[in-house]
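A short worksheet on the structure shown next.
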Amino acid sequence: MEFEQLVKDRRSIRGYKPDPVPRALIEEIIEIASGAPSSMNTQPWHFHVVTGEPLDLIRAGNTERMVAGAKPQREIPVEGNYDGVHRERQVEIAYDLFDAMGIRDDRERRRDWMMRGFRQFDAPVSIVVTYDRDLQLATVGHFDLGAVTYGLVLAAWDRGLGTVINGQGIMQSAVVREHANIPEDEVIMTCVAMGWPAEGFSANDIKASRVPVDQIATFVGFDD
Ligand SMILES: Cc1cc2nc3c(=O)[nH]c(=O)nc-3n(C[C@H](O)[C@H](O)[C@H](O)COP(=O)(O)O)c2cc1C
């Protein structure tokens with residue numbers, strides 16, 4: 001697929017077929033993603049690919065703790081809430097998704113949608129992305145993880161696979177750590193739910209808006 005078309009077509013997928021994804025295909029996708037640049041070529045990333053029973057245990061444990069009212073326990077440093085334009089953009093995509101699913105005014109079904117997020121949208125595969133713990137305070141390492149994860153979701157899309165980077169799935173990171181067997185010297189950054197997109201699942205068609213270039217870029221020293 002042409003790069004520009006790939007970038008423009010890709011969107012987060014939140015409804016999946018239950019069909020398994022071949023391990024060799026996931027290995028290929030990770031290999032392509034690992035072509036991402038990283039600070040001083042440190043390549044601080046690791047991918048823990050989970051499916052089947054361990055993934056079901058992660059979904060169940062994460063959801064149970066969230067439903068029981070446990071405070072989110074993420075391993076990455078997280079502070080504060082989104083305000084201003086960040087909050088507006090967050091609300092816009094949420095309403096777009098609720099409207100697509102016909103659940104904006106249905107409290108119970110909105111709650112169910114949130115639960116689906118904690119269950120990684122019932123995707124057949126979850127890739128837990130981690131970084132080396134000795135870089136915990138080096139934010140440039142977090143930058144590297146973003147780069148490699150974008151490569152991952154694009155490479156997956158190129159092969160017809162859907163993904164959603166899914167912070168909700170690692171809200172209770174201790175559960176993920178236990179069942180995905182994450183080594184102590186790694187920190188869980190996020191997970192990426194992956195699978196074949198379900199047909200007719202309306203939220204899968206939503207294209208999230210983007211702020212236009214003239215609002216995100218300034219140009220200095222140009223003649224035009
Ligand atoms: C770090 C990160 C965490 C995310 N966590 C979630 C999540 O928990 N639930 C969800 O539905 N989408 C999640 N997303 C997906 C974003 O909502 C999505 O990327 C954004 O709305 C833009 O839409 P697009 O990916 O379709 O272009 C996350 C994305 C990123 C980069």
Side-chain angles (χ1 to χ4, degrees), residues 6 9-33 45-67 72 74 76 93-94 96-98 100-101 103 109-130 145-146 148-182 188-208:
L6 179 66
D9 284 353
R10 186 214 58 87
R11 53 197 180 271
S12 290
I13 293 299
R14 297 178 176 86
Y16 295 93
K17 293 179 185 167
D19 313 16
V21 182
R23 176 178 167 156
L25 185 56
I26 304 172
E27 283 174 358
E28 203 177 293
I29 288 166
I30 293 173
E31 207 234 321
I32 292 169
W45 43 66
H46 303 271
F47 304 91
H48 301 271
V49 188
V50 191
T51 192
E53 198 189 346
L55 179 51
D56 287 337
L57 290 169
I58 289 173
R59 294 189 224 279
N62 192 52
T63 308
E64 269 163 33
R65 289 191 191 193
M66 293 309 288
V67 170
R74 280 169 286 183
I76 42 171
I93 183 60
D96 284 352
L97 292 167
F98 294 160
M101 299 302 290
I103 61 173
R109 290 180 63 205
R110 280 202 330 256
R111 187 175 179 280
D112 181 57
W113 179 260
M114 194 167 69
M115 294 302 136
R116 291 173 59 89
F118 294 139
R119 296 198 310 267
Q120 306 198 33
F121 296 97
D122 299 324
V125 171
S126 169
I127 304 184
V128 184
V129 187
T130 68
L145 272 263
V148 82
T149 306
Y150 189 40
L152 188 82
V153 301
L154 283 178
W157 189 265
D158 190 45
R159 282 151 179 73
L161 278 166
T163 60
V164 61
I165 303 169
N166 186 218
Q168 284 170 288
I170 51 108
M171 280 294 168
Q172 299 295 333
S173 286
V175 172
V176 182
R177 172 169 288 285
E178 181 190 342
H179 297 298
N181 242 337
I182 309 287
I188 296 174
M189 167 62 88
T190 194
C191 64
V192 181
M194 177 186 279
W196 308 104
E199 281 141 31
F201 190 86
S202 41
N204 285 352
D205 296 332
I206 291 298
K207 272 298 286 175

Pairing residues for Asp122 by the side-chain hydrogen bond (donor to acceptor under 3.5 Å, both in side chains) criterion, not counting sequence neighbours:
Arg119
If you round to the nearest 0.5 Å, how far is [atom2] of [Y] from [atom1] of [X]?
| X | Y | atom1 | atom2 | answer |
| --- | --- | --- | --- | --- |
| Asn62 | Leu57 | CG | CG | 12.0 Å |
| Thr130 | Ile76 | OG1 | CD1 | 12.0 Å |
| Gln172 | Phe118 | CD | CZ | 8.5 Å |
| Ile165 | Ile170 | CD1 | CD1 | 12.0 Å |
| Ile93 | Ile206 | CD1 | CD1 | 6.5 Å |
| Met115 | Met66 | CE | CE | 8.0 Å |

N/O donor-acceptor pair under 3.5 Å between [X] side chain and [Y] backbone:
| X | Y | answer |
| --- | --- | --- |
| Arg65 | Met171 | no |
| Ser126 | Val50 | no |
| Thr149 | Gly146 | no |
| Arg74 | Ser173 | no |

Given the rule in the side-chain contact (heavy atoms from CB on, under 4.5 Å) test, do Arg11 and Trp157 qualify, once you have shown the distances and angles that lead to the verdict?
CA-CA 9 Å; Arg11 53 197 180 271; Trp157 189 265; 3.7 Å; yes
So that I can tick it off, tell me whether Asp56 and Arg59 are bridged by a salt bridge, with the cut-off set at under 4.0 angstrom between side-chain N and carboxylate O.
yes
Note, [X] side chain near [Y] side chain (heavy atom, < 4.5 Å):
| X | Y | answer |
| --- | --- | --- |
| His48 | Asn181 | no |
| Ile13 | Val164 | no |
| Ile103 | Asp112 | no |

Under the criterion side-chain contact (heavy atoms from CB on, under 4.5 Å), which of Val153, Asn166, Thr163 is the partner of Met194?
Thr163
Before giving the answer on side-chain contact (heavy atoms from CB on, under 4.5 Å), spell out for Val129 and Phe47 the whole-Å C-alpha distance, their side-chain angles and the decisive distance to 0.1 Å.
CA-CA 5 Å; Val129 187; Phe47 304 91; 4.3 Å; yes
Could you walk me through whether His179 and Glu53 pass side-chain contact (heavy atoms from CB on, under 4.5 Å), step by step?
CA-CA 9 Å; His179 297 298; Glu53 198 189 346; over 6 Å; no
What pair of heavy atoms forms the shortest contact from [X] to [Y], and how long is it?
| X | Y | result |
| --- | --- | --- |
| Tyr150 | Arg10 | CE1-NE, 4.1 Å |
| Gly162 | Pro197 | N-CD, 3.7 Å |
| Thr51 | Pro124 | OG1-O, 2.6 Å |
| Ala193 | Ala123 | CB-CB, 3.7 Å |
| Val176 | Val128 | CG1-CG2, 3.7 Å |
| Arg116 | Gly15 | NH2-CA, 4.1 Å |

Start with the C-alpha gap between Val125 and Val49, add the side-chain angles, then the distance that decides, and say whether side-chain contact (heavy atoms from CB on, under 4.5 Å) holds.
CA-CA 7 Å; Val125 171; Val49 188; 3.8 Å; yes
Identify, with sequence neighbours excluded, every residue that meets salt bridge (Lys or Arg N to Asp or Glu O under 4.0 Å) alongside Lys207.
none
Looking at residues at least two apart in the chain, or sitting in another chain, which of them share a side-chain contact (heavy atoms from CB on, under 4.5 Å) with Leu25?
Val21, Pro22, Glu28, Ile29, Arg159, Leu161, Trp196
